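Here the structure comes first, spelled out in structure tokens, and everything after it is commentary.
Remember, it's 1-based here, ligands and their atoms both numbered in the order they're listed. Everything numeric here is computed off the predicted structure, so don't read it as measured data.
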Amino acid sequence: MRLLTTACLTALLTISACKAKTASDTPAKAQSESLQTAGVTEGTILKASPMEWVTHGGNYAEQRHSKLNDITVETVKELGLAFSYDLGTSRGIEATPIVHDGIMYVTSTWNIVTALDAKTGAELWVWEPEIDKKQAANACCDVVNRGVAIWGDKVFTATIDGRLVALDRKTGAVVWDVLTIDKSKPYTMTGAPRVVKGKVIIGNGGAELGVRGYVGAFDVDTGEQIWRFYTVPGNPADGFESDTMKMAAETWTGEFWAAGGGGTVWDSMAYDAELDLLYVGVGNGSPWNQAIRSPEGGDNLFLSSIVAVRPDTGEYVWHYQTTPGETWDYTATQHMILADLEIEGATRKVIMQAPKNGFFYVIDRETGEFISGENFVPVNWATHIDKETGRPVETAEARYQGKDPFLQLPGPLGAHNWHPMSYSPDTGLVYIPAQEAPWVYQEMENYKQEGGAAWNTGTNFIYGMLPTDKATFRALRSMLKGRLLAWDPVAQKPAWTFEHGGPWNGGILSTAGNLVFQGTADAHFAAYNAKTGERLWRNFTQTGIVAAPISYAIDGEQYIAVASGWGGSYALGFGGVLPTGSAAKVGRVLVYKVGGTATLPDIQMAEYTAPTPPKSTATEAVIKAGAVHYANRCGACHGDQAYSMGLVPNLRASAAISDADLWNDILLGGALAENGMPNFANNLTQEQSESIREYVIFEANSDRTKDFYESVSRPK
Ligand code: CA
């Protein structure tokens with residue numbers, strides 16, 4: 001096992017990283033436009049209007065732009081809370097609310113679906129699925145959910161344990177409930193379904209733990225599966241499902257199917273009614289490390305690709321691969337937006353995506369042809385996208401197999417993660433919740449595929465996790481950045497940026513009032529001038545916001561709504577470093593209007609108690625071994641440096657670190673499995689389990705990070 005020394009980390013830090021209403025619109029006119037752009041027509045179901053928010057992305061083009069313009073750059077200063085609704089949760093809320101017929105549908109942690117009166121916030125019904133909480137062990141990135149879909153008289157939700165459920169829109173009663181996964185595999189579902197032509201479309205996640213990705217279509221009335229499109233090939237000995245899979249298999253080598261291959265469709269989709277194409281965003285490889293997954297290389301289709309399929313049959317039409325031979329968790333599952341752009345004198349039907357790898361892509365959505373791509377944050381894994389081939393030109397250091405560890409931008413959290421963007425046809429700009437979150441990639445030696453709740457990435461998790469001195473730790477931390485980025489997709493350059501205090505900020509809404517709305521990790525919700533980036537208004541929300549806002553109107557009043565609730569993978573793994581206040585354990589729906597006068601209830605902040613750990617007596621070798629096991633098994637939930645913000649227990653303050661028997665009961669005996677804590681009996685020896693305990697004791701006593709966390713992470 002090669003460990004990263006302080007000197008090595010310091011050297012990495014010196015790598016010169018990186019290259020760097022319209023006023024005239026009448027409601028009637030806007031209504032007819034919305035009927036088209038939502039792709040929802042009379043007779044198929046919903047009588048949509050711009051007064052509502054009927055699909056996940058606001059319309060099938062997923063633009064997340066509201067045509068409502070009653071709230072303007074002038075009146076936004078008078079925005080106040082109309083009402084709030086407490087979702088009763090202490091973990092991440094990623095849902096985009098849906099509003100139709102005066103009712104708002106929103107999901108929260110553990111797939112609870114709530115229907116509210118969208119004008120008053122009065123609760124109409126709540127549906128709480130019976131979820132096996134042991135499923136949390138399969139969830140790479142918190143027990144989150146991104147929202148529901150509606151169609152006709154039903155609401156559709158996808159559960160973390162792999163079910164697709166139809167509820168009665170008026171009562172919340174279950175209409176049908178179907179299992180969409182093989183329960184023997186670590187699949188999860190966190191995404192919002194889409195409904196296209198009477199079919200509910202949904203994918204799943206799990207590529208960190210070892211699954212084969214696919215997306216499926218289900219009948220709205222019965223839940224019966226109509227088609228399934230696999231995104232990566234299975235074992236050729238079992239026969240290919242289609243010629244497409246045979247073609248894809250030619251881009252893989254070795255026993256690529258052994259760990260599933262990955263390619264999960266865990267978030268983004270878009271539908272073009274004119275071309276009758278459904279676009280799906282495909283995730284990373286399983287395991288991440290291509291040298292293990294496909295030892296002789298190859299592009300590994302359709303990892304990290306946008307794939308166009310026919311919504312009636314799931315038949316493959318075209319693909320564009322953002323990251324051939326993916327080996328860094330560079331998913332292409334990020335939000336996709338459809339638009340018609342004037343490019344070099346021609347109107348092009350395009351699809352736009354800013355995936356994890358840091359490049360902003362404009363792709364022809366009729367053919368999949370690459371039109372343009374430029375980096376929207378500093379990147380050092382590739383110098384540029386070759387304009388002829390549409391392929392990235394990688395730097396020599398980026399593929400870490402058999403090499404020294406490499407400090408890379410972006411890391412697996414991405415230059416942009418799932419948090420939705422928006423596109424304003426008024427300004428022609430795409431608004432991106434962008435971030436800089438580097439990572440040190442290092443090949444894991446002696447990798448073996450594991451079952452159960454084991455991350456199977458084939459890379460060591462070493463960001464700031466290994467013992468280093470205080471200065472190195474802080475230098476690494478200072479590289480974490482986040483911003484609201486207004487991007488010109490034609491010129492492929494920024495129009496303006498607004499710097500936030502750090503990464504992992506909320507999704508975006510733009511409006512015809514020349515406004516952009518976004519919540520932030522530091523527990524605020526704010527409005528910006530869409531043309532200039534000037535911040536015009538903001539409101540303290542008591543907890544961080546990661547979800548995206550929406551807008552709707554009832555009885556002549558425009559509302560802006562957003563779900564608050566800090567969580568997700570960054571919050572679990574890195575959430576100790578926040579500027580303020582996000583430790584409030586509360587998730588809510590917040591609804592604003594001009595002149596709103598409601599207030600948030602006071603919250604009780606937990607008293608901070610400094611941990612009193614036992615003395616560290618283990619050898620350096622044991623602590624270093626424990627650090628690696630911790631990083632690969634524990635850090636994604638319990639936080640970098642064994643410090644978490646309260647979404648899950650802070651191990652430094654845990655009684656279990658003073659009691660080896662209790663510790664091993666939890667890690668190796670499954671004592672807290674019902675709470676979502678995995679049983680690692682199949683993945684750790686007792687010696688390894690105890691080395692992790694020694695590492696946590698070391699961290700609890702160490703001053704390299706302790707004062708840092710205590711100074712920045714306490715609620716103010
Ligand atoms: Ca991933």
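Put simply, the residue from Asn284, Thr323, Thr333, Asp329 that forms a side-chain hydrogen bond (donor to acceptor under 3.5 Å, both in side chains) with Lys356 is Asp329.
Taking the ring centroids of Tyr441 and Phe406, they lie at or beyond the 6.0 Å cut-off.
Partners of Phe218 under the ring-ring contact (aromatic ring centres under 6.0 Å, His included) rule, at least two apart in sequence or in another chain, do not exist in this structure. Contacts of Tyr447 classified as ring-ring contact (aromatic ring centres under 6.0 Å, His included), with partners at least two apart in sequence or in another chain: none.
The minimum distance between the Ca ion (ligand 1) and any N, O or S atom of Glu208 involves atom OE2. Counting just the N/O/S atoms of Asp329, the one with the shortest distance to the Ca ion (ligand 1) is named OD1.
Residue Thr331 does not count as close to the Ca ion (ligand 1), with no N, O or S atom under 3.0 Å.
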